[in-house]
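Below is one structure, written out as C-alpha cells; comments come after it.
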There are 2 protein chains.
Amino acid sequence: MNLSDFLLTLIPFTPAELQDISSHFKKENIPKNTLLIEHRQISKKLYFIEKGMGRSYYLKEDGKEVTQWFFGVGKFMSSVDSFFQQSPSLYFLETLEDSIVYSISNERMDLLFSKYHKMEQLGRLVSIEMLTKVVNKLNAIQFQTARERYDYMLAEFPDISYRVPLGHIASYLGMTQETLSRIRRG
Amino acid sequence: MNLSDFLLTLIPFTPAELQDISSHFKKENIPKNTLLIEHRQISKKLYFIEKGMGRSYYLKEDGKEVTQWFFGVGKFMSSVDSFFQQSPSLYFLETLEDSIVYSISNERMDLLFSKYHKMEQLGRLVSIEMLTKVVNKLNAIQFQTARERYDYMLAEFPDISYRVPLGHIASYLGMTQETLSRIRRG
DNA sequence: GGTTTCTTTTGACCTATATCAAAAACGGTT
DNA sequence: AACCGTTTTTGATATAGGTCAAAAGAAACC
C-alpha cells in the first residue's frame with residue numbers, strides 16, 4: 001500500500017495537500033536486517049512501510065533480544081517515544097525483509113503537523129489506533145496462557161507469523177522459543 | 001490540578017480559547033465506587049480528573065476483576081477505544097475515591113478538535129503520552145519478575161499504590177493478590 | 001461496642017512455563 | 001551435493017508463581 005492511498009483511508013486530503021505532504025517523505029529501499037535505530041540513539045526518522053516488514057526489540061541485560069513490536073505493510077514504524085519526544089530510544093528497530101519505505105524527519109513531521117490541521121488529526125488517529133493495539137497485546141500478555149497468546153498473535157499478525165523466525169515471535173509473546181515450538185506442534 | 005492549568009502545561013492556549021474550551025466541559029462531583037462505564041456500553045464521556053482517582057477493569061469469564069489501568073489527578077480517564085471509536089467498551093470504568101472531574105461528550109470533543117488545530121495537537125500529545133506509558137507497562141509485564149513489576153508500579157503510581165485495595169494492584173500487575181502480599185512482606 | 005463483611009496474610013501443594021543441553025532440520029554458499 | 005551456520009525441535013529437570021483453604025486483621029454498620 002502506498003503512502004497517499006493510506007493517508008486517504010483516514011482523512012479526505014485534497015490532491016494538492018496530498019502532493020505537498022508526500023513531497024516531504026523520501027522513498028527508500030532498505031535491505032533485510034538493516035538496523036534503523038539503535039539503543040540510546042535519538043530517532044531521526046519515522047517510516048511508513050509500503051512493502052516489507054520490520055520489528056522493534058530490545059536487549060535484556062543477559063543479552064537476549066526481546067521483540068517489542070512487529071510493523072507490517074501500511075503501518076508507521078518507529079521507536080515512538082524516541083521519535084516524538086526526541087529522547088534516547090530504549091529499542092532497536094530493524095527491517096526483517098527487503099523493504100520499501102517512505103521516511104520523514106521529525107522536523108518535517110512537525111512542520112506538516114503545524115501546517116495542516118488535518119495532518120494533526122491523522123497523527124491523533126494513528127496514535128489512538130496504535131494505543132488500542134498495544135492495549136490489546138497487554139491484555140493478551142497479562143491474562144492469557146501461552147497458547148492463547150499465540151492465537152492472539154495469529155489474529156493480530158496473520159501474515160507476519162510465518163514469515164519471521166520463531167524466536168522473534170516467542171519473545172514478542174513473552175515466552176521462550178521452546179515453549180512456542182511445543183505449542184505449535186499441537 | 002484544574003483543567004485550564006493542565007491544558008496550559010501542554011499548549012499555549014490564549015485566555016479566550018481556554019475559556020471557550022473549558023465551557024464545553026462540565027464539572028462533576030462523583031462519589032467513590034461509581035461506575036462510569038459498563039462492559040458493552042458505548043462510552044459517552046471523557047473525564048479529566050481534578051481530584052480523586054479511578055480505574056478501568058474487566059471481568060474474566062470466571063468472574064474475576066482485572067484492573068487494566070489507574071487514572072490519577074491531572075489525567076484523562078476513559079475507555080479509550082470506546083470513547084474515540086464509539087465502539088462497545090471492553091472495560092468497566094469506576095471511581096475509587098470521591099472525585100471531582102470535568103466531563104465532555106464525544107460530540108463536543110470532536111467539535112473542539114475541528115474548531116481548534118491546537119486542540120487536535122493536544123489530543124495527539126496526550127495520546128502519545130498514554131501510548132508510551134502503556135508500552136512501559138507492557139514491558140514490565142512481559143519481561144520482569146513479580147517483584148520487579150511491583151517496583152515499576154511504585155515508580156509509575158507512587159501515590160496510588162497505597163490508596164487502593166491490594167487485589168486491584170495485584171491484578172493490574174498480572175499476579176495474584178497472594179503473590180503481591182508475599183512480595184510486600186519482604 | 002459487638003456483629004457482619006471485606007481485605008490481607010499465611011501455609012501447603014500444584015502446574016505452566018523456564019532453563020539447560022543436545023539432536024535434528026533447514027537454508028544459503030561454494 | 002556436501003558443508004556450515006542458523007533455526008527449530010525434543011527431552012529432562014527446576015522454579016516462580018498459581019490455586020485452594022483457612023486464619024487474622026480492618027472497616028463498615030447497626
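Letters A, B, ... are given to chains in the order of the sequence lines, protein chains preceding strands, and every chain is numbered from 1. Note that the structure is a prediction, hence the values are computed from the model and not measured.
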Check the distance between [N]'s [atom2] and [X]'s [atom1] and give it to me in whole angstrom.
{"X": "B:R185", "N": "D:dG25", "atom1": "CZ", "atom2": "C1'", "answer": "16 Å"}
{"X": "A:M175", "N": "D:dT9", "atom1": "CE", "atom2": "P", "answer": "13 Å"}
{"X": "B:L166", "N": "D:dA24", "atom1": "CG", "atom2": "C1'", "answer": "15 Å"}
{"X": "A:Q142", "N": "D:dG18", "atom1": "CD", "atom2": "P", "answer": "11 Å"}
{"X": "B:E178", "N": "D:dA22", "atom1": "CD", "atom2": "C1'", "answer": "12 Å"}
{"X": "B:F143", "N": "D:dG17", "atom1": "CZ", "atom2": "C1'", "answer": "19 Å"}
{"X": "A:L180", "N": "D:dT7", "atom1": "CG", "atom2": "P", "answer": "15 Å"}

*Between A:R55 and A:Y172, is NZ or CZ placed under 6.0 angstrom from the six-membered ring centre and within 45° of the ring axis?*
no
*In the hydrophobic clustering (ILVMFWY, side-chain contacts below 4.5 Å, transitive), which residues join B:F92, or is it alone?*
B:L35, B:Y57, B:L59
*Aromatic ring centroids of B:F25 and B:F48 under 6.0 Å?*
no
*Does A:F6 have its ring centroid less than 6.0 Å away from the ring centroid of A:F76?*
yes
*Nearest-nucleotide comparison on DNA chain D, the residue closer to the 5′ end among B:K32 and B:Q144*: B:Q144
_Residue pair A:K60 / A:Y58, side-chain heavy-atom distance below 4.5 Å_ = yes
*Reckon B:R149 touches a base, only the sugar-phosphate, or nothing at all at heavy-atom distances under 4.0 Å?*
sugar-phosphate
*asked:* Going 5' to 3' along DNA chain C, which are the first and last nucleotides with any atom under 4.0 Å from a heavy atom of chain B?
replied: C:dT8 to C:dA12
*Spell out yes or no: do the side chain of A:R182 and the base of D:dG11 have one donor N/O and one acceptor N/O closer than 3.5 Å?*
yes
*Less than 4.0 Å between a side-chain N and a carboxylate O, is that true for A:R163 and A:E97?*
yes
